[in-house]
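Before any comments, here is the structure.
Quick note: residue numbers are just sequence positions, from 1. If you're wondering where the values come from, they're calculated on a predicted model, not measured in any experiment. We count ligands from 1, going down the list as the structure has it; atoms in each ligand are counted the same way.
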Amino acid sequence: MSLLDNINEWIYSRFKIKDLLTSIVKHPAPDYAVTNPLYCLGGTAFLCFLILVGTGIFLAMYYKPTPLEAYKSVEHIMTVVPMGSLIRSIHHWAANMMIAAVMLHMMRIYFMGAYKKPRELNWVVGVTLLLITTTFGFSGYLLPWDQLAFWATKIGTGIAGSIPIMGQYISLLLVGGTDIGAETMTRFFAIHVMVLPLTTAILLVLHFAMVRIQGISGRL
Ligand code: HEM
């Protein structure tokens with residue numbers, strides 16, 4: 001028995017992870033879903049999310065969320081950190097692709113009527129995931145702390161502030177005061193790297209569990 005087999009055996013006899021994984025992964029998908037690329041859009045969005053988490057952890061190791069250091073730390077990532085420019089670009093493009101994939105996935109669900117009974121709740125979870133995906137983009141936009149980031153955040157928080165009744169409270173919560181500054185930056189950073197990834201992960205477990213329990217919807 002090789003060392004790898006021994007490790008495998010040690011883990012298996014204690015956790016039986018292989019049985020659990022086999023039952024989850026070895027579930028046959030219907031033929032019409034396997035051959036139609038439209039059914040891959042949710043998976044594409046998920047792949048983008050995984051890439052974003054991986055590259056995001058790397059970026060968070062070098063990024064400094066303060067108005068004085070943020071721009072410089074991004075410049076440092078781009079020019080000094082080995083492969084920093086490549087990883088930041090992958091993060092950027094995966095973010096754009098995730099938004100496109102989620103939108104197209106939602107259109108596939110809508111036009112194929114896959115949201116109908118018994119999948120209404122999964123549609124609601126999906127809409128929340130769509131909102132979260134766009135909030136990911138919005139909160140990430142501020143982080144480089146350049147002119148584009150500053151003014152986009154000013155406009156975005158201004159729009160949130162114009163919501164009737166709740167607007168001023170939402171704006172205060174996001175901005176952390178009357179002007180965009182250090183408070184806004186730490187809030188956006190916390191939302192971008194903690195609140196949203198954690199909420200997305202929880203909702204995705206729910207989303208996938210419902211797909212498995214309810215099965216993938218049939219052909220039109
Ligand atoms: C982070 C975003 C999302 C990810 C990673 C994701 C992932 C997935 C995956 C992998 C599937 C199974 C395969 C497929 O049909 O593509 C699926 C199914 C489904 N998704 Fe999503 N999804 C996301 C967002 C959404 C959105 C925005 C909606 C709608 C508002 C939605 C509604 C549904 C529904 C109703 C199903 C069941 C489809 C069926 O049974 O045919 N999802 N999702």
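Of the heavy atoms in Val211, only side-chain atoms (C-beta onward) come closer than 4.0 Å to ligand 1. Residue contacts with ligand 1 for Ile216 involve both N, CA, C or O and side-chain atoms from C-beta outward (heavy atoms, distance under 4.0 Å). Looking at Met210 against ligand 1, nothing comes within 4.0 Å, counting heavy atoms. Of all the heavy atoms of Arg108, the ones lying under 4.0 Å from any atom of ligand 1 belong exclusively to the side chain. Neither the backbone nor the side chain of Val125 has any atom closer than 4.0 Å to an atom of ligand 1 (non-hydrogen atoms only). Of the heavy atoms in Met98, only side-chain atoms (C-beta onward) come closer than 4.0 Å to ligand 1. Looking at Phe208 against ligand 1, only its side chain comes within 4.0 Å, counting heavy atoms.
Distances below 4.0 Å separate heavy atoms of Val102 from the following atoms of ligand 1: 2 (C), 27 (C).
Remark: minimum distance from atom 41 (O) of ligand 1 to any protein heavy atom is reached at Ser217 OG, 2.5 Å.
Note on ligand 1: Trp123 sits in its first shell, one or more heavy atoms being nearer than 4.0 Å. Note on ligand 1: Cys48 sits outside its first shell, no heavy atom being nearer than 4.0 Å.
In this structure, the side chains of Pro65 and Leu143 stay at 4.5 Å or more apart for every pair of heavy atoms.
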